[in-house]
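Reckoned from all heavy atoms, side chains included, excluding hydrogens, waters and symmetry mates. The chains referred to below are lettered A, B, ... by the order of the sequence lines, with proteins before strands, and numbering in each begins at 1.
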Amino acid sequence: MLQIEKVHTFYGHIEALRGVDMEVKTGEIVTLIGSNGAGKSTLLMTVCGTPQASLGRVIFDGRDITHEPTHQIMRSGIAQAPEGRRIFPRMTVLENLQMGALVGDPANFAEDIEKVLAIFPILRQRQGQRGGTLSGGEQQMLAIARALMSRPRLLLLDEPSLGLAPMIVRQIFQIIREINERTGTTILLVEQNAYHALRLAHRGYVLVNGAITLTGTGSQLLANREVRAAYLEGGH
Amino acid sequence: MLKDAGMMALASLALAMPLVGFQTVDRGAGIVLDTRFGAMFYAVAVIFVGRLLLLLIEAGHASLIQAATVALSAAWLINVAFHLYPITWPALGWLTWIVASVLAIRAWIVQRRATRPAAGYTDGVEKLGALVARIGPYLGGIAVAFAFTMPFMPFADQRMVDLGILVLTYIMLGWGLNVVVGLAGLLDLGYVAFYAVGAYSYAILSIHFDLNFWQTLPLAGAMAALFGVLLGFPVLRLRGDYLAIVTLGFGEMIRLILLNWDDLTNGPKGIGSIPRPSFFGMQFTAAPREGVTAFHEFFNLDFAPIHRIIHLYYIILFLALLTNWFTLRIRKMPIGRAWEALREDETACRALGINPTNTKLTAFAIGAMFGGFAGSFFATRQGFISPESFNFIESAIILAIVVLGGMGSQIGVVVASILLIGGPEWFRDLEAYRMLAFGGLMVAIMIWRPQGLLSHREPTIKLGPSPGARSA
């Protein structure tokens, strides 16, 4: 569904991605793990077109989207729950969800909102509340729910566990699995929390200094000595 | 404590020396420097005592000071009202009074803080806003009904209706700018440019092409919208302060062009004898031209100049209500929601597939269009326009209306316009000090309502009580 071919991305003179190859197949959950500054978010944002890849290609559903503007990419079946959640703080939960549906068909709105509120029952209780007054976990759920409102085929999640309590993290990951199983949405998950991400994902990639160093199924990577040493020991 | 107050007095002395201490007097032969050391020392003394009292308030003598200052201001007001004791320096009298009021207010705040948790009054603002939002439809209805009947009220003389026109013009400008600043969150300090473009487009089109008001109005609005897009393009990538600076420059550019493009705009002399709007072809003149019916002849009334003014009043009322209706509608449409989302978080907008370029440009264009409408009205009402009318101060006033009213609040704009435009008129009795009183009022509002008078934001969508969802 998504092919990333030899992508190089620069911030000024700094090469953040050095020829990344990656693939996400339909129906999969693929996770991208790596330490701070490895280029995980950059890779995700390159798929979205800000910044654009200087070299290489990003292909979604057989279409080259490398140089399309962001808003157009986000209208072609990709949705994103951005890093740091970025919900609209002064808008209510419902209005936030409505913003997610802006690119979709208005006729689906009532149906979609019911579907999303069924996945996130807490948001139903909070529907009239301003986004900024939600707790961190609720905001993250809202960000994912908002992304789902456009009926994406590919959902990009950027560190959904960021700054959340362990219990809430488990809950969020459970929901991500449910979304994948229930709606068949393909998911590309960028995470620092390697343990949870690899347990959840079908396949994973390890990104070090802007290049992929390892790839395999979730359980393979979990068992890998290097991965354990670098990302898993001394925690969880 | 004394030392602190002494330092303050010293600093104010340094300031007051050139500002108050000396005065240039024109004595026929030339300008002579005169001294006013008495006034200067008085001012410094007021500041010294005021500072000392402020410090005493902080030290916990609030109620004492409050009682003293309230008593003193009351005594002083009574003195002014009944002319008991002549005050030779009225300005200093005001100064004293302002210092006393500041002290009283400060003491009151300190007292309140002692008895109540600090979060108390921000809650109050939200509650007020929510209350206004709840009764909004009725309030709006009452306000509109009042606006419609106002010219026929017994108290409505010519001056009153004129003031009404002025206030409504600013309400309309405020609503127009509210689209750009309040909804889309693009700080525009050059809004007067579109007002000017509208006014000049109207003047030039109506004079050279002999079009009537209702034919010229949409053209002038379109012209202003075009300029909105022209401004929009270069500032697409700018945010916040940088955007404000460029829009400020744009406003000045338009004014300078109007000032210097003599062939088109007649330069600083301005454009005169702009046609007045007619009532379905009927003119508001005592002696109409051949073949033209005058309004008073058709309706069998005695000629009165107020007919024309009332007619203008209803035109601007109609235009303002049109602006309001349009804004309220568009807020619930995708483009309006995109504006609000853009104000909240541009990056998130892009991630949701919103095209920020188009969204910003439409906000600029629509805001500018309403500015252009208001400008056309201004031109036809005055009959004469010159670049002088389109100073930066106009932009500042319109922006102050939007900010003071609470960004994005339609009713807030109305309240703020009445306060800001009507206010200086009501303070006219204070003569030279009215701007002082006006400034004091604005400072007071910003202290207690930093988010604007009515900052409550009404959601555009709600789910019904049943699980079945409705779309907006």
May I ask you to test the [X]-[Y] pair for a side-chain heavy-atom distance under 4.5 Å?
X: Met99(A); Y: Arg337(B); value: yes
X: Phe88(A); Y: Leu352(B); value: yes
X: Leu102(A); Y: Ile354(B); value: yes

Engaged part of Ser76(A) at the chain B interface, taking heavy atoms whose separation is under 4.5 Å: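 Interface part for Ser76(A): neither.
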Do you know which two heavy atoms are closest between Ala348(B) and Arg86(A), and how far apart they sit?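 The pair with the smallest heavy-atom distance is CB-O, 3.4 Å.
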Heavy-atom pairs under 4.5 Å with chain A are the metric here; pick the option from Cys349(B), Pro334(B), Ala341(B) that has the most.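 Counting heavy-atom pairs under 4.5 Å, the top option is Ala341(B).
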So how far is it from Arg75(A) CZ to Asn355(B) CG, rounded to the nearest 0.5 Å?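 Arg75(A) atom CZ to Asn355(B) atom CG measures 7.5 Å (nearest 0.5 Å).
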How many angstroms lie between CZ in Arg90(A) and CD in Glu344(B), if you round to the nearest 0.5 Å?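 It is 6.0 Å, given to the nearest 0.5 Å.
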Output the option from Arg146(A), Met45(A), Gln80(A), Glu111(A) having the highest count of non-hydrogen pairs under 4.5 Å with chain B.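 Top count of heavy-atom pairs under 4.5 Å with chain B: Arg146(A).
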I'd like to know which of Pro89(A), Gly128(A), Gly100(A) tops the heavy-atom pair count under 4.5 Å against chain B. Pro89(A)
